[in-house]
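Just so you know, residue 1 is the first one in the sequence shown, and it goes up from there.
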Amino acid sequence: MAGSSGIGVDPAQIQQVGSDYTSTGDTLVGLQAKSTTSIGSGQVGKAYGSIASPYQQVFQQFGQILADMGNKVIETGGSLNSVAGNYSQTESGNAQNLGGQ
């Protein structure tokens, strides 16, 4: 019955998009660990030792941004799955109501 009434939305398709969002969010969160650097003043030399700490901070901030964005994408995926479930229930209820008229 999905897609046969209302505006023609298939809840399974919305759930698939929600799952895709969740998977992508998980990937982004996982990239946080890969975005760190262990560079220290020894790797950049004495003349550039002062940039080692800011360099590490930039990568830490980048990793945190990836994790935050990933968590928001996961949240959006959950919302899409919730919408799909609610839409399906509403469509079933409407079909029953219209069928009884």
Side-chain angles (χ1 to χ4, degrees):
M1 169 137 163
S4 63
S5 61
I7 58 172
V9 175
D10 184 352
Q13 290 175 327
I14 297 172
Q15 287 176 326
Q16 181 59 52
V17 172
S19 294
D20 291 346
Y21 268 70
T22 301
S23 177
T24 299
D26 287 339
T27 300
L28 289 171
V29 171
L31 289 174
Q32 179 182 17
K34 294 180 180 180
S35 69
T36 60
T37 181
S38 60
I39 192 167
S41 58
Q43 286 92 1
V44 295
K46 291 180 182 178
Y48 299 101
S50 62
I51 67 163
S53 179
Y55 187 80
Q56 285 179 328
Q57 289 175 349
V58 165
F59 274 87
Q60 287 172 347
Q61 288 174 343
F62 179 68
Q64 188 58 53
I65 289 168
L66 284 171
D68 292 345
M69 186 170 42
N71 286 322
K72 290 296 183 184
V73 172
I74 290 168
E75 185 179 311
T76 300
S79 295
L80 286 168
N81 285 330
S82 178
V83 164
N86 290 338
Y87 181 83
S88 181
Q89 289 174 355
T90 300
E91 285 297 294
S92 294
N94 288 343
Q96 288 175 358
N97 290 338
L98 290 174
Q101 291 183 0

Once rounded to the nearest 0.5 Å, what's the spacing between atom [atom1] of [X] and atom [atom2] of [Y]?
X   : Y   : atom1 : atom2 : result
D26 : L31 : CG    : CG    : 11.0 Å
T22 : Q15 : OG1   : CD    : 11.0 Å
S35 : L28 : OG    : CG    : 11.0 Å
L66 : T27 : CG    : OG1   : 11.0 Å
I51 : Q56 : CD1   : CD    : 11.0 Å

- Message: Under a 3.5 Å distance rule, please check whether T24 uses its side chain to pair with a backbone N or O of D20 as donor and acceptor.
- Response: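 Flag set: sc T24 to bb D20 pair under 3.5 Å.
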
- Query: Can you get from V83 to V73 by hopping between Ile, Leu, Val, Met, Phe, Trp and Tyr side chains that sit under 4.5 Å apart?
  - Reply: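 No; V73 is not reachable from V83 via cluster members.
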
- Task: Tell me, please, which residues at least two apart from N86 pass side chain to side chain donor-acceptor pair (under 3.5 Å).
- Result: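 Result, side chain to side chain donor-acceptor pair (under 3.5 Å) vs N86: none returned.
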
- Task: List the steps, then state whether side chain to side chain contact (heavy atoms under 4.5 Å, CB included) holds for K72 with M69.
- Result: CA-CA 5 Å; K72 290 296 183 184; M69 186 170 42; 5.7 Å; no

- Item | V58: hydrophobic cluster co-members (side-chain, 4.5 Å) |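 Besides V58, the hydrophobic cluster comprises nothing; the residue is isolated.
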
- So do Y21 and I74 actually touch side chain to side chain, heavy atoms under 4.5 Å?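 No - every pair of side-chain heavy atoms lies 4.5 Å or more apart.
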
- Item | Non-hydrogen side-chain atoms of Q64 and Q61 separated by less than 4.5 Å |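 In short, these two side chains do not touch, never coming nearer than 4.5 Å.
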
- Message: So which atom in A84 and which in P11 form the shortest heavy-atom distance, rounded to 0.1 Å?
- Response: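 For A84 versus P11, the nearest heavy atoms are CB-O, 3.5 Å.
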
- Task: Describe, in one word, how the ring planes of F62 and F59 are oriented to each other, choosing from parallel (under 30°), tilted (30 to 60°) and perpendicular (over 60°).
- Result: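 Plane angle over 60°, so perpendicular.
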
